[in-house]
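Scroll down for the structure; my scribbles are underneath it.
These numbers were taken from a predicted model, which means no experiment stands behind them.
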Amino acid sequence: MKVIRMDYAATGAFSKTVTDYLCQSEKLLPFFNRFPTLDAFEEQIKEKKFSKEQRQALHQALQQQYTSISGIHSKVQQNIDLLQQPNTYTVTTGHQLNIFTGPLYFIYKIITAINTCKQLQQRYPDYNFVPVYWMATEDHDFAEINHFNLFGKGYKWETTQKGAVGRFSTEGLDKLLEELPETYPVFDEAYRNSKTLADATRAITHALFGEYGLVSIDGDDAQLKAALTPVVEKELTEQLSNKLVEEANAQLENTGYKPQVYSREINLFYLKDSLRERIVQEDGKYKVLNTDLSYTLEEMLQEANQHPERFSPNVILRPLYEELVLPNLAYIGGGAEVAYWFQLKKLFEACNVAFPILMLRNSALYITRGNASRMHKLGLKPEETFQSYLDLKKHLSSQIHEEEINLEAQRKAVAAAFAEVEELAQTIDPTLVRAVAAEEQKANNALQMLEKKISKARDAKHEQTFKQLENLKEKLFPNGSLQERHDNLLTYQTNNPDFIPALVEAFDPLEFKFTILEEE
């Protein structure tokens with residue numbers, strides 16, 4: 001496997017916020033704690049406070065959640081147990097429960113977490129580092145997770161279920177499995193044998209990454225939610241998060257950056273059974289939108305203390321919740337995620353919670369052997385494929401430029417030959433001169449026709465080249481975007497069972513370069 005790295009800015013596929021962060025722009029310094037370097041983790045470890053009681057609660061919750069897995073991988077069980085130790089810390093990434101893992105960047109996030117822990121373990125051998133996948137089980141945007149693309153075809157799970165997607169029954173996914181071009185054992189077993197989408201997703205990540213010790217955690221857990229209760233109380237009585245996020249948003253905008261997410265007065269949902277709806281304050285009451293549920297402040301606070309599992313943080317409070325229940329040092333996200341974490345530092349400070357190191361996940365362009373062959377036949381380098389189709393077409397046109405097809409020399413030769421024939425005919429039988437002239441005209445017409453055919457054939461040859469270029473661009477950048485935002489794991493793992501190990505080998509999480517992998 002040939003590996004090439006290039007600057008994120010050079011790809012043209014990432015926001016200015018992200019590229020400025022990677023350049024450690026002074027304008028962004030107020031919005032994060034420490035830039036991700038190996039040295040920075042030493043100070044982060046000192047700052048992160050996580051009690052014995054918190055570790056016990058985390059361990060018990062994970063043990064209970066992993067009862068859905070038959071035969072836990074020894075490395076996963078070891079990491080779950082290590083979380084009880086005071087010298088164990090996590091590196092976390094989070095993502096929705098996309099069916100069949102969704103777009104490739106889900107895989108890239110997890111591998112970035114795994115490799116970060118590997119590097120930290122080498123640098124700090126007196127500590128333990130556990131890669132964690134935070135499952136967004138409480139998310140209710142089903143339309144964002146119910147589909148995926150495989151070999152250029154879209155597949156979709158249809159269900160009428162409502163509420164937090166992690167609680168969804170896997171009913172109906174068996175029909176989707178039957179539509180696939182072949183059987184994929186990891187997914188087949190997970191979706192057919194798991195009761196809920198959360199259990200199925202845990203089974204999938206365990207099957208794919210168990211050997212690397214990945215621990216998947218479900219925040220939709222009553223025991224874990226108890227840690228969020230003080231935040232819920234402040235949210236209900238002070239609307240603290242909204243005030244602080246609005247301040248951060250204004251500060252970001254003043255420095256030229258657009259906030260990624262927007263806050264609400266109360267950044268909580270009410271979660272029960274198949275219900276997940278926003279909590280709003282109206283006319284002195286706390287109401288659950290789109291329901292008849294209404295509470296006084298005292299009733300709502302009592303609900304929060306007796307049933308913490310019924311309160312679900314939105315995008316503003318979920319990061320804080322993660323850091324309350326994990327001994328976490330770093331959060332790994334895509335460009336949009338890193339950008340919205342910049343809005344949250346004031347909130348973390350107000351709650352006296354250590355703000356994690358923010359890391360951009362690895363991104364990659366994977367060039368299969370077939371596409372690599374097409375690319376080289378076109379005379380292109382991998383880095384050049386990021387250019388637009390029109391720019392690449394101009395580039396190829398300049399390389400294959402040829403002089404205009406012109407048979408003038410041949411016409412002169414024909415004219416000279418017929419002149420000799422005409423001279424001979426004149427001496428023998430002058431009446432043949434007209435016949436010679438007619439034949440000469442026919443020859444000239446034939447040359448003209450051949451000239452046009454040859455020109456057309458050459459143009460067709462070039463059009464074929466341009467069509468090959470167009471097809472290559474679509475393979476490498478489907479729908480004009482990065483592969484990782486469109487293609488699914490199975491598109492590559494089906495033909496290359498070592499796809500994940502190849503990514504693990506290639507990704508350097510702290511180099512912050514875009515990775516190009518080319519099959520040889």
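A centroid separation of less than 6.0 Å is found between the aromatic rings of Phe386 and Phe514. Taking the six-membered ring for Trp and the full ring otherwise, Phe32 and Trp341 have centroids separated by 6.0 Å or more.
Geometrically, Lys393 engages Phe466 in a cation-pi contact defined by less than 6.0 Å to the ring centre and at most 45° from the axis. In this structure, Arg55 satisfies the cation-pi test against Tyr89, with its NZ or CZ atom closer than 6.0 Å to the six-membered ring centre and inside 45 degrees of the ring normal. Relative to the ring axis of Tyr492, Arg369 does not place its NZ or CZ within 45° and under 6.0 Å from the centre. Judged by the 6.0 Å and 45° rule, Lys473 forms a cation-pi pair with Phe477.
Residue Gln468 places its CD atom among more than 12 non-hydrogen atoms of other residues, nucleotides or ligands, all under 6.0 Å distant. Lys118 NZ: more than 12 foreign heavy atoms inside a 6.0 Å radius. In the displayed structure, Glu505 atom CD is contacted under 6.0 Å by at most 12 heavy atoms of other residues, nucleotides or ligands.
Between the Gln54 side chain and the Val325 main chain, no donor and acceptor come within less than 3.5 Å of each other. The backbone N or O of Glu138 sits less than 3.5 Å from a side-chain atom of Arg276, completing a donor-acceptor pair. Asn328 contributes a side-chain N or O that, together with a main-chain N or O of Thr92, makes up a donor-acceptor pair within less than 3.5 Å. Looking only at distances, a side-chain donor or acceptor of Tyr286 sits under 3.5 Å from a matching main-chain atom of Leu236. Under the 3.5 Å distance criterion, the side-chain polar atoms of Asn488 are matched with a main-chain donor or acceptor of Leu490. Looking only at distances, no side-chain donor or acceptor of Ser169 sits under 3.5 Å from a matching main-chain atom of Thr196. Side chain of Thr491 to main chain of Asp487: no donor-acceptor pair is present (N/O by atom type, distance under 3.5 Å, no hydrogens or angles). In terms of modelled atom types and a separation under 3.5 Å, the side chain of Asn98 and the main chain of Thr101 share no donor-acceptor contact. Side-chain atoms of Thr170 come within 3.5 Å of backbone N or O of Ser194 as a donor-acceptor pair. A donor-acceptor distance shorter than 3.5 angstrom exists from the side chain of Asn79 to the backbone of Gly213, with no hydrogens or angles considered.
Tested against Phe148, the residues Phe106, Tyr155, Phe187 include a single ring-ring contact (aromatic ring centres under 6.0 Å, His included) partner, Tyr155. Among the candidates Leu120, Ile114, Asn362, the single residue satisfying the side chain to side chain contact (heavy atoms under 4.5 Å, CB included) test with Pro509 is Asn362.
Taking a cutoff of 4.0 Å between a charged side-chain nitrogen and a carboxylate oxygen, Arg192 and Glu178 qualify as a salt bridge. We find that Arg361 and Glu484 are joined by a salt bridge, their nearest charged nitrogen and carboxylate oxygen being less than 4.0 Å apart. Between Glu171 and Lys195, no side-chain nitrogen of the basic residue sits less than 4.0 Å from a carboxylate oxygen of the acidic one, so the salt-bridge criterion is not met. Using a 4.0 Å cut-off between charged nitrogen and carboxylate oxygen, Asp7 and Lys513 count as a salt-bridge pair.
Under 3.5 Å, the side chains of Asp20 and Thr17 contain no donor-acceptor pair of N or O atoms. Looking at Thr137 and Asp220, their side chains never bring a donor and an acceptor atom within 3.5 Å of each other. There is a side-chain donor-acceptor pair under 3.5 Å between Tyr295 and Tyr270. Between the side chains of Glu277 and Thr291, not a single donor N or O lies within less than 3.5 Å of an accepting N or O. Looking only at atom types and distance, the side chain of Gln121 has no donor-acceptor partner in the side chain of Tyr127 under 3.5 Å away. For the residue pair Asn242 and Glu265, no side-chain donor N or O sits within less than 3.5 Å of a side-chain acceptor on the partner. Checking Gln223 against Gln60 by side-chain atom types alone, a donor-acceptor pair falls below 3.5 Å. A side-chain N or O of Gln77 and one of Gln63 form a donor-acceptor pair less than 3.5 Å apart. Looking at Asn314 and Asn267, their side chains do bring a donor and an acceptor atom within 3.5 Å of each other. Between the side chains of Glu518 and His376, at least one donor-acceptor pair of N or O atoms lies under 3.5 Å.
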Handout entry: Step-by-step side-chain contact (heavy atoms from CB on, under 4.5 Å) determination, Ile357 to Phe41
Key = CA-CA 8 Å; Ile357 292 173; Phe41 278 89; 4.0 Å; yes
Practice task
Could you walk me through whether Asn128 and Gln85 pass the side chain to side chain donor-acceptor pair (under 3.5 Å) test, one step at a time?
Solution key: CA-CA 9 Å; Asn128 306 303; Gln85 303 301 318; over 6 Å; no
Practice task
Kindly determine whether Arg374 and Asn371 satisfy side chain to side chain donor-acceptor pair (under 3.5 Å), including the steps that lead there.
Solution key: CA-CA 5 Å; Arg374 296 180 187 96; Asn371 286 330; 2.9 Å; yes
Pair up each side-chain donor or acceptor in residues 203-211 with any protein partner under 3.5 Å, not counting sequence neighbours, and list the distances.
{"residue": "Thr205", "atom": "OG1", "partner": "Thr201", "partner atom": "O", "Å": "3.1"}
{"residue": "Thr205", "atom": "OG1", "partner": "Arg202", "partner atom": "O", "Å": "3.1"}
{"residue": "Thr205", "atom": "OG1", "partner": "Ser216", "partner atom": "OG", "Å": "2.9"}
{"residue": "His206", "atom": "NE2", "partner": "His73", "partner atom": "N", "Å": "3.0"}

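Under the 30°/60° scheme for interplanar angles, the aromatic rings of Phe168 and Phe142 are found to be tilted.
Considering only heavy atoms from C-beta on, Arg167 comes within 4.5 Å of Leu271 through its side chain.
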